[in-house]
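A quick write-up on the structure given underneath.
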Protein chains: 2
Amino acid sequence: MEAKELLQQHIAKIASIKEEDFDYVFSHFKPMSFKKGQAILSEGDKVDCEYFVTSGCLKAFFINDEIKMYILQFAMPTWWTSDYAALYNQTPATISVDCITDAEVLCLSSEDREKLCSEFHQLEHFFRWRTNRGYIASQKRLLSFMNNNVKKRYEELLSLYPQLYNLVPKHLIAAYLGVSRETLSRLHSS
Amino acid sequence: MEAKELLQQHIAKIASIKEEDFDYVFSHFKPMSFKKGQAILSEGDKVDCEYFVTSGCLKAFFINDEIKMYILQFAMPTWWTSDYAALYNQTPATISVDCITDAEVLCLSSEDREKLCSEFHQLEHFFRWRTNRGYIASQKRLLSFMNNNVKKRYEELLSLYPQLYNLVPKHLIAAYLGVSRETLSRLHSS
DNA sequence: ATCAGAATGTGATCTACATCACGTAACCAA
DNA sequence: TTGGTTACGTGATGTAGATCACATTCTGAT
């Protein structure tokens, strides 16, 4: 599917935007292509944009004392990602985003998002819905973290996103689960 | 401060609502009073409302196998709380909310919130902002969970909300940190 | 004022997971 | 094809925090 059509259908599930209005809205999104391994957003960068994934798979991650990586989010088509804290607070990025596979995204600047949200009530509605969904998912993940051991969290992740099993190397799954790659590996044999 | 004024100033920081419009908006909020220990929302309930705290302190929590409690959120004045997953998905509550101290809240039904959001673009803007803030805080807490040990998480919590130290019993702080009360207690001596 | 239940402290022991160490297999790039 | 890097598996050992057990202090209802 075309990137434009993908975005349109994604938004249309929640908000109704007239065809000609959507053309205008879409003109604010900048299509970008990246190769596997390429960085989209790096720690310390000024953050201006958020990204709507149209193909491929990204990861948004944090690296602590330059040693350990924690993955906040995998981003697949129709998912949005960025360092929202940095975007919102206008601070340098602490979260990085890069490509697990070749990927294409639509880039929307924060400025344009706010402009469009004020121009189109329905778009503001859409973004409220989207953030709400992210918030609920994040709460759920937090609870899972407190309540479940690694094995259960792993099973939960795979049942939610079965594609990840083949798409994403195991050590990245470990980094998402907040566990060492060794421990994750040992789960298979237990 | 009056509950009404508290809400008005809280919203005014983000959205501009005309005085007479705010009166109309406010008429949809139902003031409620609760005693310390009283339940506002219990697991299994149908969830219709979200709550804006105007005085006192609540907790939103999850109980797993009828043994262990995890606190998702403390809610103090100007904070909003509910079981948002249940509210959004129209499913029975899995999160409960009750009062750590005597408390007063303004109750807003989901239906009224959606109605008001569609009537007032600025209010939709406000709720987008609010959810966005919650999402960012939740992401941050998740990272802290993965990256920090109990001691650091405890210090982080107290530096963010010093009032909690005197207001909230230690075993509830432990339940927020996702740690046993014994371990939390031992932090003081180390 | 008194007493029961809740909150807190603290020792002894257990356990899930981390860390370190090493070996093997898979994947590219020249 | 080859050599180097990255991914993955697995043993040995260390450790943060859980669990159990019990003592002490605080608190709120009668």
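The chains referred to below are lettered A, B, ... by the order of the sequence lines, with proteins before strands, and numbering in each begins at 1. Since this is a predicted model, take the numbers as computed values, not measurements.
Between A:Lys140 and A:Glu156 there is no salt bridge, since no side-chain nitrogen of the basic residue lies less than 4.0 Å from a carboxylate oxygen of the acidic one.
Atom P of nucleotide D:dG11 and atom CZ of A:Arg186 are separated by 8 Å, given to the nearest angstrom. A:Ile173 places its CD1 atom 12 Å from the P atom of D:dG9, with the value rounded to the nearest Å. Regarding A:Ile67, its CD1 atom lies at a distance of 12 Å from the C1' atom of C:dT19, rounded to whole Å. Rounded to whole angstrom, the span from the CZ atom of B:Arg153 across to the P atom of D:dA16 amounts to 14 Å. One atom, NZ of A:Lys36, and another, C1' of C:dC27, lie 9 Å apart when rounded to the nearest Å. In this structure, OH of A:Tyr154 is placed 14 Å from P of C:dC17, rounded to the nearest angstrom. Distance, B:Lys35 NZ to D:dG28 C1': 14 Å, rounded to whole Å. Following rounding to the nearest Å, A:Asn148 (CG) and C:dA16 (C1') show an atom-to-atom distance of 14 Å.
For the residue pair A:Glu20 / A:Tyr24, no side-chain donor-acceptor distance below 3.5 Å is found, with atom types taken as modelled.
With A:Thr81 as reference, A:Val97 is the one residue of A:Leu72, A:Val97, A:Leu41 to meet the side chain to side chain contact (heavy atoms under 4.5 Å, CB included) rule.
Taking the nucleotide of DNA chain C with the nearest heavy atom to each of A:Arg181 and A:Asn149, the more 5' of the two is matched to A:Asn149.
Within the structure, every side-chain polar atom (N or O) of A:Ser185 is placed at least 4.0 Å from both OP1 and OP2 of D:dC8. For D:dG17, neither phosphate oxygen OP1 nor OP2 lies less than 4.0 angstrom from any side-chain nitrogen or oxygen of B:Thr183. Phosphate contact (OP1/OP2 of D:dT6, side-chain N/O of A:His171, threshold under 4.0 Å): absent. Not one side-chain nitrogen or oxygen of A:Lys152 sits closer than 4.0 Å to the OP1 or OP2 atom of C:dA16.
Rounded to the nearest 0.5 angstrom, B:Phe52 CZ and B:Thr78 OG1 are separated by 5.5 Å. Once rounded to the nearest 0.5 Å, the distance linking CG of B:Asn147 with CZ of B:Arg153 reads 10.5 Å.
As judged by a 4.0 angstrom heavy-atom cut-off over every strand, A:Lys68 is placed among residues touching the sugar-phosphate backbone only. Residue A:Gly37 is out of contact with every strand shown, counting any heavy-atom pair closer than 4.0 Å.
Within 3.5 Å, a donor on the side chain of B:Glu182 pairs with an acceptor on the base of D:dC20, or the reverse.
If you check D:dC8, C:dG11, C:dC20 against the side chain of A:Pro169, the one that comes closest is D:dC8. In the set D:dC8, D:dA18, C:dC28, the nucleotide with an atom closest to the side chain of B:Ser180 is D:dA18.
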